[in-house]
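Presented below is the structure to which this report refers.
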Amino acid sequence: MNSDDADGRKYDPDADHPYPDERLNDVLSALLDDPEVTTYLEAQNVNAVTRKGYNDHGPKHISIVRNRALRLYELLKRAGVSFNGAADQGLDEADEPVVVALAATLHDVGHVVHRDGHAYYSIPLAADILDRLLPQWYDTGEAVRMKAETLHAILCHHTEEDPLTREAGVIRVADALDMERGRSRIPYEKGGRGINTLSSQAIRDVTLESGDDTPVLVEIEMVNAAGVYQVDNLLKAKLRDSMLEEYVRIVAVNTKEESGLVERIEL
């Protein structure tokens with residue numbers, strides 16, 4: 001599978017990308033093999049899942065968010081959308097996807113402290129990791145600026161703070177795109193029959209592709225209309241004020257398994 005596949009589930013370092021990717025590939029290779037990072041990704045699920053009974057926020061969630069963030073970034077770049085995070089800091093275009101990959105990987109590490117307010121706890125923990133990793137590829141000044149942009153994107157993924165860069169907006173939206181059955185960012189209520197439970201089980205598939213009239217088409221396949229609640233209360237809420245609103249179109253497809261009918265709902 002390569003990065004041109006519509007589902008966006010796997011980033012392929014060997015594919016042709018509409019942006020410089022050599023630095024991204026170097027950073028990703030080191031990041032995915034780093035024992036401290038991989039341990040954090042496992043440990044952050046303890047508070048979220050084991051103790052709070054929430055949905056997965058471990059290595060699987062991080063992999064999905066990172067791959068979908070890079071897919072979203074790629075589709076926007078193919079459409080000529082400009083990014084301002086690295087650019088405002090005087091960094092290179094090659095640094096944009098590095099910020100995206102680093103922030104996607106580290107955005108939830110604060111869960112090791114507590115689920116509540118985890119985005120704020122992620123900042124000092126991610127900062128320590130970035131201080132160790134970034135000097136492999138950047139001089140001191142560049143490393144500080146890369147750290148600043150990455151931390152901004154991390155903070156804005158799940159808080160009241162609005163993204164001030166499109167790199168941060170990508171992370172905010174990609175976090176919500178981990179929403180298929182059993183993976184909803186809206187928690188499943190054990191034994192419950194409320195809207196949260198129904199909506200968290202309603203999404204069959206999520207795909208990202210180029211739209212006919214917009215850079216990104218997010219198509220969400222639902223098995224019942226309860227999925228609209230999840231899309232409205234999760235994805236649309238994160239898309240709002242993300243600096244990406246004008247570039248992303250969301251279409252929900254309700255397959256209505258029991259009747260065989262298909263209903264398309266633009267949200």
Side-chain angles (χ1 to χ4, degrees), residues 3 11-13 17-41 44 59 61-77 81-112 118-159 161-175 242-244:
S3 63
Y11 169 79
D12 182 359
H17 299 117
Y19 54 84
D21 62 8
E22 184 176 355
R23 190 171 299 162
L24 168 65
N25 293 338
D26 287 345
V27 172
L28 269 179
S29 178
L31 195 63
L32 296 176
D33 290 335
D34 188 88
E36 182 183 16
V37 172
T38 55
T39 303
Y40 263 117
L41 301 191
Q44 68 196 34
H61 170 62
I62 296 304
S63 176
I64 290 171
V65 172
R66 182 173 55 238
N67 282 300
R68 290 188 172 169
L70 290 171
R71 174 63 177 171
L72 181 55
Y73 172 74
E74 172 151 343
L75 290 170
L76 292 166
K77 292 292 284 187
V81 176
S82 62
F83 280 71
N84 65 306
D88 288 349
Q89 294 284 3
L91 296 164
D92 296 333
E93 181 185 14
D95 298 318
E96 295 170 358
V98 175
V99 169
V100 169
L102 287 171
T105 302
L106 300 174
H107 75 277
D108 271 345
V109 294
H111 276 91
V112 301
H118 70 274
Y120 295 101
Y121 301 130
S122 290
I123 296 302
L125 297 174
D128 286 347
I129 295 170
L130 293 169
D131 284 342
R132 178 172 59 82
L133 292 178
L134 287 172
Q136 297 179 57
W137 306 285
Y138 299 97
D139 65 27
T140 299
E142 294 169 334
V144 169
R145 294 176 184 276
M146 285 295 294
K147 176 182 173 182
E149 291 307 308
T150 302
L151 294 180
H152 173 72
I154 288 172
L155 180 66
C156 293
H157 88 273
H158 191 68
T159 71
E161 285 77 15
D162 292 333
L164 303 178
T165 71
R166 290 207 171 96
E167 288 94 330
V170 163
I171 300 304
R172 190 183 188 103
V173 173
D175 186 46
S242 68
M243 299 183 68
L244 304 180

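Everything quoted here is computed from the prediction, not taken from an experiment.
- Environment of CD in Gln136: crowded, with over 12 heavy atoms of neighbouring residues, nucleotides or ligands closer than 6.0 Å.
- Taking 4.5 Å as the limit, every side-chain heavy atom of Val98 sits out of range of all side-chain heavy atoms of Leu91.
- The closest side-chain heavy-atom distance from Arg66 to Leu28 is below 4.5 Å.
- No side-chain heavy atom of Asp88 sits under 4.5 Å from any side-chain heavy atom of Leu164.
- Side-chain atoms of Glu93 and Tyr19 include no donor-acceptor pair closer than 3.5 Å.
- Gln44 is linked by a side chain to side chain contact (heavy atoms under 4.5 Å, CB included) to Leu41, Ile62, Asp108, Val109, His111, Val112, counting only residues two or more places apart in sequence or in another chain.
- A donor-acceptor pair under 3.5 Å is absent between the side-chain atoms of Gln89 and the main chain of Arg145, judged by distance alone.
- Using a 4.5 Å heavy-atom cutoff, the side chains of Arg68 and Asp175 are not in contact.
- The side-chain heavy atoms of Pro97 and Glu74, taken from C-beta on, include no pair separated by under 4.5 Å.
- By the side chain to side chain contact (heavy atoms under 4.5 Å, CB included) test, Ala127 is found to be paired with Lys147, Leu151, residues two or more places apart in sequence or in another chain being considered.
- A salt bridge between Asp92 and Arg23 is present, with a side-chain N of the basic residue lying under 4.0 Å from a carboxylate O of the acidic one.
- Under the rule for a side chain to side chain contact (heavy atoms under 4.5 Å, CB included), the partners of Asn25 that lie at least two apart in sequence or sit in another chain are Tyr11, Pro13, Asp21.
- The shortest distance between side-chain heavy atoms of Leu106 and Tyr40 does not fall below 4.5 Å.
- Between Val99 and Phe83 the shortest side-chain heavy-atom distance does not fall below 4.5 Å.
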